[in-house]
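Since this is a predicted model, take the numbers as computed values, not measurements.
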Amino acid sequence: MSVFKMSLLAASIALAACAQPGLATAAAPSVPAATAKAKPTLTIKILALNDLHGALESPGTFTNAGTAAVPAGGVDYVAGYIAAARVANPNTVVVSAGDLIGASPLISALFHDEPTIETMNRAGLDFNAVGNHEFDEGKDELLRMQKGGCHPTDTANTCKGASVGTPVPFEGAKFKFLAANVVKKKNGETLFPPYGTRTFDIEGKKIKVAFIGMTLKDTPQIVSPSGIKDLVFTDEATAVNNLVPVLKAAGVEAIVVLIHQGGAQTGTTPVDINACVGNLDGSPIKTIVSQLDDAVDLVISGHTHAAYNCQLPLASGRNIPVTSANTQGRVLTDIDLTLQRGNRDVVAVTAKNVVVDRSNVAITPDAQIAGIVAGYKTLVAPVANQVIGRIAADVPNTKDAACNMPAGDLIADSQLAATVQAGGAQLALMNPGGVRSPGFIYAGSPIGEGDGNVTYSESFTVQPFGNSLVTLTLSNQQLHDTLEQQFPNCFGQVTFSKVLLPSNGVHYEWDNAQACGAKVRNLTITTSAGSETVVDVSGTVLNPGKTWRVTVNNFLADGGDGFSVLKGGTNRVGGGQDIDALTAYLAGTQAPNPPYDPAAANLGKPRIVRVDAGTVCP
């Protein structure tokens, strides 16, 4: 437990932070100067990121509230900021709060995220708390990311070190994956170590700092269940609290939690990355922090792709810093944590989110890492730069109040088209979380493909998961119940709503003011055989036993996002990969055919209508 008996140094840090808006500082009672002088301190630096998602290159510009947009991110500059911090303070630890890999751009994903591991090895990452996306390719592949070795089946896109200047075979992560709440069913052991420690010297006395790492307990709902069937994801707060006596018995008093779960500020964008507007009220991370033992000194969070710098209460009521650093390497959290020799504990914490500004002349990008990225860019270019289709306007992944999403509509249509013959599909449903930002953008990219042209790389960015398609049979009742599962606490849905995006020919209304089981109405399906009402205007399921052939990705088919009803779908026929379906569909928009127009009348929009008073997609 942090006693916060501050030395003069710690007091000066606190006073300095008070003069700088946005710095998170631990509250502390004052003590006589003589007492403080008798207890030497050491300030260590922690640099934190979260949700890198394999963003080797800069994803573009970043705007903090009140400042101009700057070019941001890129692992070469992330490494430059880390190097500068270590020069200023050799006692620096670099940590990640999860989703370091997964849902990555093609330059990393094509090579199974080996490039991200290799570059972060050289950037100096120390610990990564596994996030949900670390499990995108399953437990065994994640273990390979730690241990190294070539991909067991995709021999064409693995172990490319000879071309990019890294060891062959793939070296694996030199940093440690941490997973305190991910447990093997067979023996109750954690998949990765629950925590890691770093030891520092204060005038001859060794002081340990523990870093507990974990992912969100709801991971089984948002990754393919088949890849994690041998694992259990336990409660986050319980996992931390159970480790406290273990750490104390080992002489550890300073405890940092790295957790892949978070919240977000309220209000307009762009936000101040060092503010905490709304105090993360109602968020999972605030609930978790409120249950943590008083021994915890700092929480570094992620998952929500948001930036914030908060002070939140533990179970004891004492406030501690809770931070998050946006996503894709655009922001780092710069934390000073002051340790006291006498009690081996934390006496002050300050934190500040800093934009990874590529125009900052004080930062030298890492040349070796830049060379590795350039090597992978050369390898991926023949695939990435190929123009596969055309669009007449932006097809974004933004949602209206009813949760219609133009990019999701396009993907659902592509999946239906790909499975009509092979699987007998009559409709398709797409999960919105599988459609990534920014969607399909009309303006040409820096490679020069031209306005309106869509490259394979751009399409992969929108749909990077490599899911396969599954066509299955659902009854009218099962289809209704699946759509009801879009809403929290309905038909077993737990924590969030994910309004599914239907293919052309499917229309329905939803009313969140109604009770579970009666939210979905006026569900109709139109095929070449005609139009049929599945759920009427009163919410009654008509002809409950009537069946349909429905295409979803394997993530949904296995019950992902909490859609457990889909697991009961019968007569399953496997299809190709989702990205291949999208590529084939966009091929039909090449000349002499017209480009894809998201506003075209024949696309049957809007497909979803909301009839309650809500104005924002939940």
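A salt bridge links Lys139 with Asp230: at least one charged nitrogen is closer than 4.0 Å to a carboxylate oxygen. A salt bridge links Asp126 with Arg86: the distance from a Lys NZ or Arg NE/NH1/NH2 to an Asp or Glu carboxylate oxygen falls below 4.0 Å.
Judged by distance alone, the side chains of Ser58 and Tyr77 never bring a donor and an acceptor atom under 3.5 Å apart.
In this structure, Val271 and Val277 have side chains that are not in contact, with every pair of non-hydrogen atoms separated by 4.5 Å or more. With a 4.5 Å cut-off on side-chain heavy atoms, Ile300 and Asn50 do not count as touching. Two residues are said to be in side-chain contact when any heavy atoms from C-beta on lie closer than 4.5 Å; Leu337 and Leu298 meet this criterion. Using a 4.5 Å cut-off on side-chain heavy atoms (C-beta onward), Glu134 and Met145 make no contact. Annotation: side chain of Met405 is in contact with side chain of Lys399 (closest heavy-atom distance under 4.5 Å). Side-chain atoms of Thr41 and Ile202, non-hydrogen and from C-beta on, never get closer than 4.5 Å to each other. Between Pro618 and Cys403 there is a side-chain heavy-atom pair separated by less than 4.5 Å. The closest side-chain heavy-atom distance from Thr327 to Arg330 is below 4.5 Å.
Side-chain atoms of Asp558 never come within 3.5 Å of backbone atoms of Gly227 as a donor-acceptor pair (strictly under, hydrogens ignored). Using modelled atom types, one side-chain atom of Lys286 and one backbone atom of Asn279 make a donor-acceptor pair closer than 3.5 Å. Proximity of a side-chain donor or acceptor of Tyr308 to a complementary backbone N or O of Gly263 within less than 3.5 Å is detected. Side-chain atoms of Asp561 never come within 3.5 Å of backbone atoms of Phe563 as a donor-acceptor pair (strictly under, hydrogens ignored). The backbone N or O of Leu247 lies less than 3.5 Å from no partner atom in the side chain of Glu253, so there is not a single donor-acceptor pair. With hydrogens and angles disregarded, a donor-acceptor distance shorter than 3.5 Å links the side chain of Lys205 to the backbone of Arg341. No donor-acceptor distance shorter than 3.5 angstrom exists from the side chain of Lys352 to the backbone of Asn309, with no hydrogens or angles considered. A distance-only check finds a donor-acceptor pair linking the side chain of Arg436 to the backbone of Gly433 [under 3.5 Å]. Within the 3.5 Å criterion, the main-chain N or O of Phe177 finds a donor-acceptor partner in the side chain of Gln146. One N or O on the side chain of Tyr81 and one on the backbone of Asp357 form a donor-acceptor pair closer than 3.5 Å.
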Verify side-chain contact (heavy atoms from CB on, under 4.5 Å) between Ile320 and Val349, making sure each step is shown before the conclusion.
CA-CA 8 Å; Ile320 63 167; Val349 185; over 6 Å; no
side-chain contact (heavy atoms from CB on, under 4.5 Å) for Arg122 and Ile369? Distances and angles first, verdict last.
CA-CA 7 Å; Arg122 287 152 184 80; Ile369 289 175; 3.9 Å; yes
Does the pair His305 and His53 meet the rule for a side-chain contact (heavy atoms from CB on, under 4.5 Å), with working shown?
CA-CA 10 Å; His305 295 192; His53 289 293; 3.0 Å; yes
Can you check side-chain contact (heavy atoms from CB on, under 4.5 Å) on Asn431 and Phe465, steps first, answer last?
CA-CA 12 Å; Asn431 56 307; Phe465 297 106; over 6 Å; no
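Taking all atoms of both residues into account, the shortest heavy-atom contact from Gln328 to Pro59 is OE1-CB, 3.7 Å. The two residues Leu500 and Gln486 come nearest to each other via the heavy atoms N-OE1, 2.7 Å. Between Ser324 and Asn353, the closest heavy-atom pair is O-ND2, 3.1 Å. Contact detail for Lys248 and Ala295: the closest heavy-atom pair is CE-CB, 4.0 Å. Minimum heavy-atom separation, Leu216 to Phe233: O-CD2, 4.1 Å. When all heavy atoms of Asn64 and Asp272 are compared, the closest pair comes out as OD1-CA, 3.4 Å.
Counted within 6.0 Å of NZ on Lys45, heavy atoms from surrounding residues, nucleotides or ligands total more than 12; the atom is thus considered enclosed. Residue-environment remark: NZ (Lys184) exceeds the threshold of 12 foreign heavy atoms within 6.0 Å.
Tested against Phe211 for a ring-ring contact (aromatic ring centres under 6.0 Å, His included), the candidates Phe127, Phe175, Tyr195 yield a single pass: Phe127. Each of Asp336, Leu258, Val256 was compared with Ile46 under the side-chain contact (heavy atoms from CB on, under 4.5 Å) criterion, and only Val256 meets it.
Annotation: the span from Leu142 atom CG to Asp113 atom CG amounts to 10.5 Å, rounded to 0.5 Å. The OG1 atom of Thr219 sits 11.5 Å away from the NZ atom of Lys217 when rounded to the nearest 0.5 Å. Interatomic distance, CG of Asp293 versus CG of Asn242, reported as 10.0 Å (0.5 Å rounding). Here the straight-line distance linking atom CD1 of Ile44 with atom CZ of Phe200 works out to 4.0 Å at 0.5 Å rounding. Rounded to the nearest 0.5 angstrom, Gln368 CD and Asp76 CG are separated by 12.0 Å. Summarising the geometry, atom CG belonging to Asn397 is positioned 11.5 Å from atom OG1 belonging to Thr461; distances are rounded to the nearest 0.5 Å.
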Which side-chain N or O atoms in residues 93-103 pair as donor and acceptor under 3.5 Å with protein atoms at least two apart or in another chain?
{"residue": "Ser96", "atom": "OG", "partner": "Gly98", "partner atom": "N", "Å": "3.3"}
{"residue": "Ser96", "atom": "OG", "partner": "Asn128", "partner atom": "OD1", "Å": "2.7"}
{"residue": "Asp99", "atom": "OD1", "partner": "Asn132", "partner atom": "N", "Å": "3.3"}
{"residue": "Asp99", "atom": "OD1", "partner": "His133", "partner atom": "N", "Å": "2.8"}
{"residue": "Asp99", "atom": "OD1", "partner": "His260", "partner atom": "NE2", "Å": "3.3"}
{"residue": "Asp99", "atom": "OD2", "partner": "His260", "partner atom": "NE2", "Å": "3.0"}

